[in-house]
Visitor: 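What follows is a single structure, and I will ask about it in a moment.
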Amino acid sequence: LRRQVMDLLKRSIAECIGTLILVFVGCGTVCMLGGDLLGIAAAFGLAVTVMIYTIGAVSGCHINPAVSIALCAAKKFPLKDTAAYCIAQLIGAALGAGLIILTMGMDALTTGGLGMTAPAAGISVFQAVLAEFIGTFILMMVIMGVAVDRRATPGFAGLAIGASVLSVILVIGKISGGSINPARTFGPDLMALILSGSDALWTTFPIYIIGPILGAVCAALLYCRMAGKDNC
């Protein structure tokens, strides 16, 4: 039991660090580049790719609660590990947002919005949830195909998943903000609440829980249905 606990702790630490780096690089780029959607999408995609090749062998590099929950729903990941991963990812995201403030100063919050996500002007809550659902559905389908399916060619998962993140953000970034990851939104929202009293954690954050988790779960279950038990 002690060995299992220590193993889960090590994997959770890896998830925390991976999510920290994702938020620091991705949201930090939002603060630095402003409205350059291509640059922002590339930063998130590259961060995901690099982290997969860095900590994938340790924890699987979920760095996204929606991915962990979807794998659990598809019976590809234990429930007890899922809870630990999600907590670690949320902590890592908060630390990543904190590091942005420490390195860039309060301007990252006041002018850069700390990389927070919110529906664009004129976009309804339904449209934002739908965009996040579709975006995370696409991401999870790619993950299932290149990282979970037993027939997948080894070595290319990081490139394919990173490319899917980049592509999805380009499509939905100006609709919902292109989060496709509850932790990625949670970190900046929590830090903004602490530092400026922002209410985003209570008002818009639910969009980035509902859309990504439902999208990821639907994709994982559908893929397993298509691939069959022998391959998924």
Visitor: Could you walk me through whether Phe137 and Leu222 pass the side-chain contact (heavy atoms from CB on, under 4.5 Å) test, one step at a time?
Guide: CA-CA 10 Å; Phe137 182 94; Leu222 176 61; 3.7 Å; yes
Visitor: Starting at OG1 of Thr185, measure out to CG of Leu190 and round the result to the nearest 0.5 Å.
Guide: 12.5 Å
Visitor: What closest approach, in Å, do Thr117 and Thr204 show between heavy atoms, and which atom pair accounts for it?
Guide: O-OG1, 4.1 Å
Visitor: Can any side-chain N or O of Glu132 pair as donor or acceptor with the backbone N or O of Ser179 at less than 3.5 Å?
Guide: yes
Visitor: Should Leu46 and Ile52 be counted in the same cluster of Ile, Leu, Val, Met, Phe, Trp and Tyr side chains packed under 4.5 Å apart?
Guide: no
Visitor: For a quick test of reading the model, state the closest non-hydrogen atom pair linking Glu15 to Gly60 and the distance between them.
Guide: OE2-C, 4.4 Å
Visitor: Taking atom NZ of Lys10 as the centre, does the number of heavy atoms from other residues, nucleotides or ligands within less than 6.0 Å exceed 12?
Guide: no
Visitor: Short question: side chain of Thr103, backbone of Ile100 - any donor-acceptor pair under 3.5 Å?
Guide: yes
Visitor: Count the heavy atoms belonging to other residues, nucleotides or ligands that lie under 6.0 Å from OH of Tyr53, then report whether that count exceeds 12.
Guide: yes
Visitor: Do the side chain of Ser164 and the main chain of Ile161 share a donor and acceptor less than 3.5 angstrom apart?
Guide: yes
Visitor: Of all the heavy-atom pairs spanning Val171 and Ile175, show the shortest one and how long it is.
Guide: O-CD1, 3.9 Å
Visitor: Distance from Leu20 atom CG to Ile91 atom CD1, nearest 0.5 Å?
Guide: 11.0 Å
Visitor: Please say whether more than 12 non-hydrogen atoms of neighbouring residues, nucleotides or ligands are located less than 6.0 Å from CE in Met104.
Guide: yes
Visitor: Kindly work out whether a path of hydrophobic side-chain contacts (I/L/V/M/F/W/Y, heavy atoms less than 4.5 Å apart) joins Tyr85 to Ile55.
Guide: yes
Visitor: Which heavy-atom pair separates Gly135 from Val168 by the least distance, and what is that distance?
Guide: CA-CG1, 3.5 Å
Visitor: For Met141 and Met226, run side-chain contact (heavy atoms from CB on, under 4.5 Å): C-alpha distance rounded to whole Å, both residues' side-chain angles, the deciding distance at 0.1 Å, then the answer.
Guide: CA-CA 11 Å; Met141 285 291 283; Met226 293 189 303; 3.4 Å; yes
Visitor: Quick one: do Ile63 and Val58 end up in the same hydrophobic cluster if we chain Ile, Leu, Val, Met, Phe, Trp and Tyr together by side-chain heavy atoms under 4.5 Å apart?
Guide: no
Visitor: Are any side-chain N or O atoms of Tyr208 and backbone N or O atoms of Ser176, one a donor and one an acceptor, separated by less than 3.5 Å?
Guide: yes
Visitor: Looking only at heavy atoms, which two atoms of Met191 and Ala94 are closest? And how far apart?
Guide: CE-O, 3.4 Å
Visitor: Between CD1 of Ile213 and CE of Met140, what distance do you get to the nearest 0.5 Å?
Guide: 12.0 Å
Visitor: Regarding Arg3 and Asp7, does a basic nitrogen lie under 4.0 Å from an acidic carboxylate oxygen?
Guide: no
Visitor: Under the side-chain hydrogen bond (donor to acceptor under 3.5 Å, both in side chains) test against Asp81, which residue among Gln4, His62, Arg11 passes?
Guide: Arg11
Visitor: Please report the C-alpha distance between Met51 and Leu22 in whole Å, then the side-chain angles of each, then the deciding distance to 0.1 Å, and finally whether the side-chain contact (heavy atoms from CB on, under 4.5 Å) criterion is met.
Guide: CA-CA 8 Å; Met51 283 299 99; Leu22 172 67; 5.5 Å; no
Visitor: If you count every heavy atom of other residues, nucleotides or ligands that lies below 6.0 Å from Lys76 atom NZ, does the total exceed 12?
Guide: yes
Visitor: Of the non-hydrogen atoms in Ala183 and Ala93, which two are nearest, and what is the gap between them?
Guide: O-CB, 3.0 Å
Visitor: Applying the 4.5 Å side-chain criterion to the ILVMFWY set and letting contacts propagate, would Ile87 and Ile21 be lumped into a single cluster?
Guide: yes
Visitor: Using modelled atom types only, decide if a donor and an acceptor are shared between the side chain of Thr29 and the backbone of Ile40 within a distance under 3.5 Å.
Guide: no
Visitor: Roughly how far apart are Asp189 CG and Ile194 CD1, rounded to 0.5 Å?
Guide: 11.0 Å
Visitor: Membership question, hydrophobic clusters at under 4.5 Å side-chain separation (ILVMFWY): are Val67 and Leu159 in the same one?
Guide: no
Visitor: To the nearest 0.5 Å, what is the distance between CD1 (Ile17) and SG (Cys61)?
Guide: 11.5 Å
Visitor: Report the C-alpha separation of Ile172 and Ile180 in whole Å, then their side-chain angles, then the decisive distance to 0.1 Å, and conclude whether the side-chain contact (heavy atoms from CB on, under 4.5 Å) test is met.
Guide: CA-CA 10 Å; Ile172 69 170; Ile180 58 174; 3.9 Å; yes
